[in-house]
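Down below is the structure, laid out as structure tokens.
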Amino acid sequence: MEQLEATIEGTVFRNPENGYSVLTVRSGRSEVTVIGTLPELSPGEQAVFSGHWTEHRTYGKQFQCTCVELKTPTTLLGIERFLGSGLIHGVGPSTAALIVAEFGDDTLTVLSEHPERLSEVKGIGKKRAAMIAESFFEQQSARRALIFLQSYGISPALAVRISRYYGDQTPEIIRENPYRLCDDLEGVGFKTADRIGLSLGIPAESENRVRCAMRYILRDAAASSGHVYLPEEELSATSATLLNVPNELCRQALRSMLISGALMSEADENNVRRVYLPYYARAEQEVALMIRRLMISVDAGKYAGISRAISAFEKRRGIEFSPTQRKAIAGALENGVFVITGGPGTGKTTIINCILELLSKDHETVLCAPTGRAAKRMSEATGAEAKTIHRLLEYSGESGSFIRTEDNPLDADCVIADETSMIDLILMRALLKAIRPGTRLILVGDADQLPSVGAGNVLGDILDSGEVPCARLTEIYRQSGESHIVLNAHLINSGKMPVLNSKGTDFFFERRTSLGDAAQSITALVTARLPGYLKYPEKERLARSVRNIQVLAPSRKGECGVNNLNLRLQAELNPPAPDKPEFTWSETVFRLGDKVIQTRNDYRLPWRRETAAGVEEGAGVFNGDVGFIVAVDPEDHMLTVRFDEDREVTYESGDLEDLEQAYCLSVHKAQGSEFPVIVMPVTPGPPMLLTRNLLYTALTRAKSLVVLVGTEQVIRRMVENDHVVRRYTTLAERLIGTRELVK
């Protein structure tokens, strides 16, 4: 990292919302442009900027600043320029000259410690003196907070978020308890808070440090691994390792937290204690109880004339259901809660269409799915409107909650939720709260796919409990089994090698033994070979490739990982051009037209959508939402993304940490989506990622064509690796336990 010591000449541009600034500074005899997220700076101030030099296509050489250290003006001229810069309300150049003439070298001391003395200056009364003092204090406090945070290695964007949250008390609050950062601001990790804490001299064995670490470990286990709880010994040992303190110290802190109610615990059948954050323990309890109550709120029994009604549907559609499919339709109509699970081509969509038609006369049925793409697929397959669960429950960005709750339930007789393997514990609780007793709930999904990104294993636990009536579909019907995508998905799911490179099929394998060759082949497939094979018009090839061909990768790292393939594909599919504005944030180049993905739920981000009835506004962008950049403001480091359902969201620099390129996605991020064409590397990598259900999930995202690139050995290794990382959840047990609670 380089340093630039300079004197501020002026501010060319500043965004007051996120602190992004363009400054002109003088270093020696040279005039230099400095850009970055910075506190408000005045002409005449001296500063040491840390960062690196960049070359802008239009504006030339610039210094990209990541941290700044300010030096107090030492000359009378410097102090006068600082005060008269316009940053302090009520002080212009002439007033600044009067103040400096009155107090000389003591000017800044007077402003900081004895602001009442400003009234000694001719023309400044007590009221104006108070206004100047308040403005000076606010300006200095904001700068002090940003510089304080950056001195601990906190990025400028995060420093802005923190200083906004705590205001002028930022340094004092963080000095008193830096570990509050983990609890108060989403996205601040324990290591960041701990770095500050240890630097401030907080003892390594401080109980507050240990307690914060345990909460962080439980939250991280939920966010990164889907765990609802951790075994007590695992939590203590992980905490001791993270903190480098004795295990016994962690056990003592854990006992204290359990007594105070900060954490909850219970013993399993082997007397192993499970430790929960109360939030997740209560969520599991509520989900189990609400499912049971829905089950008993509808009188289970025979649906009059069901067999004749199904036969009439078969005749109208020219199809014939299997006995299992007929049982699935009847079960969905005859039970309060029912699960339909099966792989691709097993007829789930046709069953939903039959249920919709049979209920259409007397029942209000609503359709939903966890993501915009899944909801869109459901609408296209059924011809009925399907909404995301967030939209169905009318998420309100202002209040940060759902409008549809137990006090304002959905007006529906039946709710059908698709892609339920993706629904995590917290979203399922929100959905169940909005369903009034007496409403049927039909859950549709593929239990063999990867579980939800968020905490819990809802669909798997419901099925494992054996408490909820269900239908498991195993026979392939779609396209009479002609699709090799469907055939191979089922072969893989049963532990058998897929059929590779049969002529005239929709499933291809390209052998590439080196990682570099595989990455090069994937790039060529997406940008040239597949568009030619699919006969995309020459003028539309790149645009249609971006929208229709999706690369999925098991891993983020390596030559065939998400990160590297995104760089390659962006360069080919959306190269730099004079008419494509762009800017670099962190190490990512965001360019007009880029395909991007939101990587974390952000319930506060506002969106707007143009509709026939006018402009609709809302809030909330969610993990896995994919869209395209439709506007870029390089000077302000702002961009606008259009997501599914035509929602447009404007991102400022502080929001960009949750946005990534999406030319290549991880298989986990592709859940719930369907793409015409999937291209996937099958190259060596960590065994924990090269698993059967990951390969199965990837293939089932393809609608028309799959191309695997790599080696047969890796495919075989994935097929044989049926290891599924266990999630620590207890929903299945809680469902069984509700038998007695509802009697």
Side-chain angles (χ1 to χ4, degrees), residues 15 17-18 20 157 160-161 164 186-187 366-379 385-405 410 419 422-424 426-427 430-431 434 453-454 546-547 581 583 585 588 590-633 636-662 665 669-673:
N15 182 338
E17 292 298 314
N18 56 32
Y20 179 75
V160 169
R161 281 182 57 206
R164 273 189 197 162
E186 188 174 356
V366 298
L367 308 179
C368 63
T371 68
R373 284 179 175 265
K376 186 177 181 180
R377 286 175 54 205
M378 198 179 189
S379 294
E385 182 184 19
K387 298 179 179 179
T388 64
I389 296 175
H390 283 87
R391 189 175 169 207
L392 178 69
L393 303 184
E394 300 176 31
Y395 178 78
S396 170
E398 290 184 10
S399 63
S401 60
F402 294 108
I403 292 174
R404 293 291 185 174
T405 63
L410 295 167
E419 294 285 0
M422 291 183 64
I423 301 178
D424 63 30
I426 302 306
L427 189 57
L431 178 61
V453 174
V546 172
R547 292 191 174 274
F583 63 81
W585 189 90
T588 303
F590 290 109
R591 184 176 298 136
L592 184 68
D594 273 340
K595 185 178 185 179
V596 292
I597 183 170
Q598 175 76 12
T599 61
R600 180 179 65 87
N601 288 343
D602 191 329
Y603 296 98
R604 63 178 179 81
L605 268 181
W607 55 259
R608 67 193 309 274
R609 170 172 46 217
E610 300 281 349
T611 70
V615 176
E616 181 184 352
E617 295 183 338
V621 187
F622 307 104
N623 188 0
D625 283 353
V626 173
F628 291 86
I629 297 177
V630 295
V632 174
D633 182 348
D636 204 2
H637 274 205
M638 295 171 64
L639 55 82
T640 301
V641 178
R642 182 177 295 138
F643 290 103
D644 288 330
E645 301 177 309
D646 293 326
R647 295 169 299 139
E648 291 196 355
V649 179
T650 297
Y651 288 76
E652 297 180 351
S653 60
D655 308 315
L656 293 172
E657 60 189 337
D658 300 324
L659 203 63
E660 294 180 358
Q661 302 291 353
L665 298 175
K669 292 294 185 187
Q671 286 177 266
S673 299

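Note that these values count all heavy atoms, side chains included, but never hydrogens, waters or copies made by symmetry.
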Could I get the full list of side chain to side chain contact (heavy atoms under 4.5 Å, CB included) partners for Arg377, not counting sequence neighbours? Glu419, Glu674, Arg701
Asp594 side-chain N/O to Val596 backbone N/O, donor-acceptor pair under 3.5 Å: no
Backbone N or O of Ala386 within a donor-acceptor pair of the Ser379 side chain at under 3.5 Å? yes
Side-chain heavy atoms of Val366 within contact of Glu385, under 4.5 Å: no
With a 4.5 Å limit on heavy-atom distance, are the side chains of Leu639 and Phe583 in contact? yes
Between Ala619 and Tyr395, the two heavy atoms sitting closest are O-CD2, 3.2 Å
The ring-ring contact (aromatic ring centres under 6.0 Å, His included) partners of Phe622 (sequence neighbours excluded) come to His390, Tyr603
Minimum heavy-atom distance Lys595-Gln661, with the two atoms named: O-OE1, 3.3 Å
Looking only at heavy atoms, the pair that brings Leu592 and Ile629 closest together is CD1-O, 3.8 Å
Which pair of non-hydrogen atoms, one from Phe643 and one from Asp625, has the smallest distance, and what is that distance? CE2-O, 3.5 Å
Report yes if the side chains of Tyr20 and Met638 come closer than 4.5 Å at any heavy-atom pair, otherwise no. no
Indicate the atoms forming the closest heavy-atom contact of Pro370 with Leu427, along with that distance. CB-CD2, 4.4 Å
Is a side-chain N or O of Thr640 found less than 3.5 angstrom from the main chain of Thr650, in a donor-acceptor match? no
Residue pair Glu648, Arg642: steps toward the salt bridge (Lys or Arg N to Asp or Glu O under 4.0 Å) verdict: CA-CA 4 Å; Glu648 291 196 355; Arg642 182 177 295 138; 2.5 Å; yes
Considering all heavy atoms of both residues, which atom of Ala434 and which atom of Leu393 are nearest to each other, and what is their separation? CB-CD2, 3.5 Å
Output for pair (Asn623 CG, Lys669 NZ), nearest 0.5 Å, gives 3.5 Å
Member of Leu605, Val630, Leu659 meeting the side chain to side chain contact (heavy atoms under 4.5 Å, CB included) criterion with Val641: Leu659
Going by side chain to side chain donor-acceptor pair (under 3.5 Å), name the residues that satisfy it together with Glu617, two or more places apart in sequence or in a different chain. none
